[in-house]
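These notes are about the structure you will find just below.
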Protein chains: 2
Amino acid sequence: MSRRGQPNLATPGRRQVILEAALACFDETGVAATTIEQIRDRAACSIGSLYHHFGGKEGVASALFIDGISDLNAGLLQRLDDCSNAEQGVRTCVLHYADWVTRQPELARFLVHAREINFAPEARAELKAIYQRHFGAVFTWFGRFVLRGDMKQLPPETYIPIISGPIEDYARLWLSGRTRTPLAEVAEVFAEAAWNAVRAS
Amino acid sequence: MSRRGQPNLATPGRRQVILEAALACFDETGVAATTIEQIRDRAACSIGSLYHHFGGKEGVASALFIDGISDLNAGLLQRLDDCSNAEQGVRTCVLHYADWVTRQPELARFLVHAREINFAPEARAELKAIYQRHFGAVFTWFGRFVLRGDMKQLPPETYIPIISGPIEDYARLWLSGRTRTPLAEVAEVFAEAAWNAVRAS
DNA sequence: GCATATTATAGAATATAATTCTAATCTAAA
DNA sequence: TTTAGATTAGAATTATATTCTATAATATGC
């Protein structure tokens with residue numbers, strides 16, 4: 001028993017428990033409006049524990065964000081492995097995003113709506129490294145098809161917005177409840193549009 | 001002189017002064033991290049005044065958001081008036097967004113990054129009405145060209161993401177400093193891609 | 001196994017920020 | 001003028017975030 005009469009509830013999974021509690025709170029109330037206290041309640045942990053692992057709400061949000069993005073990115077690279085031509089690759093970018101959002105809407109909602117996280121310098125650096133590695137890999141994958149003339153030659157920084165922008169925009173719409181049509185029902189339309197936008201004409 | 005030795009600085013433009021101060025704070029520090037105190041300092045007003053006009057930070061953000069969206073929307077409808085065919089219309093949607101963001105990057109940054117505002121019910125209702133009116137007008141404008149066969153027939157809720165998603169995605173990139181290439185330099189690419197994605201094939 | 005270092009938990013104490021509230025002042029209309 | 005409503009002021013209060021010290025659990029070296 002601790003000094004103040006409560007047992008110490010240390011568990012190896014405490015970090016994960018806090019992350020899940022936080023995600024549920026963020027999803028119900030929004031990141032800005034959820035309090036440390038709410039997360040603490042739902043995770044059934046102490047304030048000290050929460051600060052020990054994450055250093056505050058900002059830190060919880062950062063960790064959640066980095067985990068989410070990493071999972072999303074890793075999934076895409078895995079699926080690109082099975083593609084053998086430019087059209088398949090482009091369609092996979094769109095369809096994977098739609099699948100992923102459909103499978104974990106709470107996490108997706110968090111990623112999409114939480115653009116206002118004030119990442120700590122280390123988190124910022126980690127995120128930057130993640131992006132660089134990911135986009136590097138994606139560009140490597142697609143590069144040969146541009147060189148080979150299967151895809152239009154465009155300013156490099158425009159490919160991702162052109163291919164992924166529309167499905168991401170629609171996902172935001174769906175996640176916020178402003179449209180009912182599930183992603184699965186329109187994903188093909190976006191895949192088709194993306195391919196039309198970048199295929200060599 | 002007031003009870004506590006300070007003159008009352010009432011001005012008719014106080015509301016606007018607060019909005020501008022808030023935007024500057026939001027842009028420098030992020031919405032989540034700016035405090036009422038910071039806004040109060042920059043606007044040189046009292047806490048009472050701020051709460052009187054907006055009811056808190058949330059209210060300031062809501063007003064700013066509604067003003068910004070309204071201006072963006074109004075501008076588009078105005079420019080669509082001068083268009084006489086589908087291609088011009090589609091390109092105008094893209095180019096107007098690029099122009100608008102370039103002209104007021106701070107406000108654009110706020111609109112784009114502040115997806116986490118907890119609008120009060122009235123603000124939410126107002127925003128919904130604004131969106132309905134705007135998208136209603138835009139769909140009316142484009143409808144005839146779809147009927148006439150100049151544009152692809154697609155699920156209605158996919159047109160806007162397909163046309164505007166990419167330029168919005170790129171604008172986010174540019175506004176957050178992750179790309180240097182100005183919108184004006186790539187806007188044509190996006191206009192072209194948008195038209196290719198929706199033109200009748 | 002036992003001592004010791006490291007990591008994790010707890011929650012009271014403190015610091016910071018949001019919000020409310022009452023009084024004073026301004027403005028415009030009668 | 002007078003007066004009602006709108007606006008401003010800032011102290012007081014309330015809510016929330018953060019720090020800090022004491023314990024307890026766990027891992028590590030011997």
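Protein chains get the first letters and strands the later ones, always in sequence-line order, with residue 1 at the start of each.
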>> Looking at C:dT9, I'd like to know if its phosphate oxygens (OP1 or OP2) sit under 4.0 Å from a side-chain N or O belonging to A:His53.
In response: yes

> Whole-Å distance between D:dT19 P and A:Phe54 CZ?
Replying inline: 16 Å

>> Whole angstroms only, please: what is the CD-P distance between B:Gln38 and C:dT16?
In response: 14 Å

>> For A:Arg144 and A:Asp150: C-alpha separation, side-chain torsions, deciding distance, then whether salt bridge (charged side-chain N to carboxylate O under 4.0 Å, His left out) applies.
In response: CA-CA 9 Å; A:Arg144 54 193 154 147; A:Asp150 297 341; over 6 Å; no

> Which listed nucleotide (D:dA17, C:dA12, C:dA10) is nearest to the side chain of A:Tyr51?
Replying inline: D:dA17

> If each of B:Ser46 and A:Gly55 is mapped to the nucleotide of DNA chain D with the nearest heavy atom, which maps nearer the 5' terminus, i.e. the 5' end?
Replying inline: B:Ser46

>> Can you work out whether A:Lys57 or B:Cys45 has the more 5'-proximal nearest nucleotide on DNA chain D?
In response: B:Cys45

>> Could you tell me how far apart B:Ile18 (CD1) and D:dA9 (C1') are, to the nearest whole angstrom?
In response: 13 Å

> Roughly how many Å is it from CD1 in B:Ile36 to P in D:dT14, rounded to a whole number?
Replying inline: 19 Å

>> Tell me the interatomic distance from A:Glu37, atom CD, to C:dA10, atom C1', rounded to whole angstroms.
In response: 14 Å

>> In this structure, how many angstroms lie between the P atom of C:dA8 and the CD atom of A:Gln16, rounded?
In response: 15 Å

> Among C:dA17, C:dT9, D:dT19, which is the nearest nucleotide to the side chain of B:Thr35?
Replying inline: C:dA17

> If you measure from the Lys or Arg side-chain nitrogens to the Asp or Glu carboxylate oxygens, is any gap between B:Glu188 and B:Arg91 under 4.0 Å?
Replying inline: yes

> Any salt bridge between B:Glu37 and B:Arg40, counting N to O under 4.0 Å?
Replying inline: yes

> Which listed nucleotide (C:dG11, D:dG10, C:dA10) is nearest to the side chain of A:Ile47?
Replying inline: C:dG11

>> Could you tell me how far apart B:Leu50 (CG) and C:dA17 (P) are, to the nearest whole angstrom?
In response: 16 Å

> What's the spacing between A:Arg172 CZ and A:Ile167 CD1 if we round to 0.5 Å?
Replying inline: 11.0 Å

> Cation over ring, A:Arg199 on A:Phe145, under 6.0 Å and within 45°?
Replying inline: no

>> Working note: A:Leu72 + A:Tyr97, criterion side-chain contact (heavy atoms from CB on, under 4.5 Å); need CA distance, chi angles, decisive distance, verdict.
In response: CA-CA 8 Å; A:Leu72 174 64; A:Tyr97 189 82; 4.1 Å; yes

> In whole angstroms, how far is the P atom of D:dT19 from the CD atom of A:Glu58?
Replying inline: 13 Å

> Taking only side-chain nitrogens and oxygens of B:Arg14, does any of them come within less than 4.0 Å of OP1 or OP2 of D:dA9?
Replying inline: yes

Give every pair of a protein N or O atom and an N or O atom of nucleotides 3-6 of chain D that lie under 3.5 Å apart, one pair per line with the distance.
none

> Salt bridge or not for B:Arg42 and B:Glu28, using N-O below 4.0 Å?
Replying inline: yes

